Amino acid sequence: MNKKTDNIHQDIEKVLIDSETINKKIKELGEKISCDYKGKNPVLIAILKGSVILLSDLLKAIDINCSIDFIEVSSYGENTESSGVVKLVMDLRESIENRHVLLIEDIVDTGLTMEYLRENLLTRHPASFKICSLLSKPDRRRVSIDLDYCGFEIPDDFVVGYGLDYNEKYRNLDYIGTLKKRIYKKNG
Ligand code: IMP
């Protein structure tokens, strides 16, 4: 890799949501979740890999007892379009029976991933089931999904940063942005 060109910021076309705005929103979400789940010891389930940064920041903004777990699904591959087929790649460690489940997602796009996970997790009889997503692209929805906690609604653009990737890159940006067109072209 060329050291001179190895800087992720230079591939960004436009910053959609800056890090200050994201941090403020996470604080608000954390306060609301702490209030809604007081005394309920919820389990926050992060969907790998995109939600890890959100989970870690959100956890610090929550001041009630809670636990965490992880689940991994795949639907995208090396593309910006969902294949529409969702696969379970890694399951939860713990049982969620009688637990208050809060599913943590980076972005709800078509909604197919969420629909798959909702159906799957509800068969395990949680005490309650809610969804928190940092981003939502309502114009792209193919199935109806109720987001109990949503950070920002964004237009139909492919975005990267704050956990979201393109071909496994750009997760480490602390803001959300769009990529320059040449990046997609380079990857065919
Ligand atoms: P859905 O099943 O179409 O709702 O897609 C959900 C998953 O697709 C998310 O968890 C992301 O991993 C990925 N995804 C959807 N839109 C974007 C985007 O704009 N940038 C990066 N990943 C995305």
Side-chain angles (χ1 to χ4, degrees), residues 8-19 21-22 25-26 29 44-59 68-92 101-122 129-188:
I8 49 174
H9 302 287
Q10 69 189 1
D11 296 344
I12 300 303
E13 173 88 39
K14 197 169 112 196
V15 175
L16 230 60
I17 311 170
D18 63 32
S19 80
T21 309
I22 297 175
K25 182 63 76 177
I26 303 253
L29 288 172
L44 276 58
I45 298 177
I47 307 171
L48 295 175
K49 304 171 191 165
S51 308
V52 283
I53 298 186
L54 172 62
L55 176 74
S56 101
D57 284 349
L58 191 60
L59 263 183
I68 60 170
D69 207 339
F70 298 91
I71 196 161
E72 184 169 2
V73 290
S74 76
S75 63
Y76 267 62
E78 292 182 12
N79 214 328
T80 59
E81 281 294 318
S82 169
S83 66
V85 182
V86 185
K87 274 193 312 200
L88 187 63
V89 176
M90 190 192 87
D91 207 350
L92 301 173
V101 168
L102 181 57
L103 196 54
I104 309 292
E105 175 65 304
D106 50 4
I107 187 165
V108 178
D109 184 26
T110 61
L112 292 169
T113 304
M114 268 304 159
E115 186 183 49
Y116 170 86
L117 282 172
R118 184 179 56 195
E119 308 252 300
N120 182 309
L121 296 177
L122 282 176
F129 178 82
K130 282 188 181 180
I131 300 170
C132 171
S133 182
L134 182 68
L135 305 174
S136 172
K137 286 187 207 170
D139 296 345
R140 297 253 315 160
R141 215 64 104 240
R142 283 165 60 184
V143 285
S144 163
I145 298 287
D146 284 332
L147 295 180
D148 303 281
Y149 307 92
C150 178
F152 307 93
E153 290 197 345
I154 61 167
D156 178 10
D157 280 326
F158 191 80
V159 292
V160 293
Y162 201 77
L164 289 150
D165 75 306
Y166 173 62
N167 282 352
E168 292 299 326
K169 291 185 194 159
Y170 309 105
R171 294 191 197 277
N172 48 327
L173 292 167
D174 64 355
Y175 54 84
I176 308 276
T178 53
L179 282 173
K180 289 182 177 157
K181 298 287 168 286
R182 65 174 165 81
I183 306 296
Y184 302 121
K185 283 197 193 117
K186 210 161 59 184
N187 285 277

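This chain uses plain numbering: 1 for the first residue, then up along the sequence. Ligands are counted one by one from 1 in listed order, and the atoms in each one are counted from 1 as well. Note that the structure is a prediction, hence the values are computed from the model and not measured.
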I'd like to check the ring pair (Phe, Tyr, Trp, His ring centres under 6.0 Å) partners of Tyr149; sequence neighbours left out, ordered by chain and number.
none
In terms of atom number and element, which parts of ligand 1 are under 4.0 angstrom from non-hydrogen atoms of Leu164?
21 (C), 22 (N)
Within less than 4.0 angstrom of ligand 1, does Lys49 place any heavy atom?
no
Pairing of Arg182 and Asp11 as salt bridge, 4.0 angstrom limit:
yes
Find all atoms of ligand 1 within a distance of less than 4.0 Å from any non-hydrogen atom belonging to Asp165, and give their numbers and elements.
21 (C)
Taking salt bridge (charged side-chain N to carboxylate O under 4.0 Å, His left out) as the definition, give me every residue that meets it alongside Arg171, ordered by chain and number, with sequence neighbours left out.
Asp165, Glu168
Can you confirm whether more than 12 heavy atoms, excluding those of Asp156, are under 6.0 Å from its CG atom?
yes
For the CG atom of Leu54 and the CD1 atom of Ile47, what is their distance to the nearest 0.5 Å?
10.0 Å
Please compare Thr110, Ile176, Val159 and report which has the shortest non-hydrogen distance to atom 20 (N) of ligand 1.
Val159
Close-contact set for ligand 1 against Gly111 heavy atoms, below 4.0 Å
1 (P), 3 (O), 4 (O)
Can Glu105 be said to touch ligand 1, with heavy atoms closer than 4.0 Å?
yes
Applying a 4.0 Å heavy-atom criterion (strictly less than), which segment of Met114 is in contact with ligand 1: side chain, backbone, both, or neither?
neither
Measure from atom 14 (N) of ligand 1 to every heavy atom in Ile107, Ile145, Thr113 and give the option owning the shortest one.
Ile107
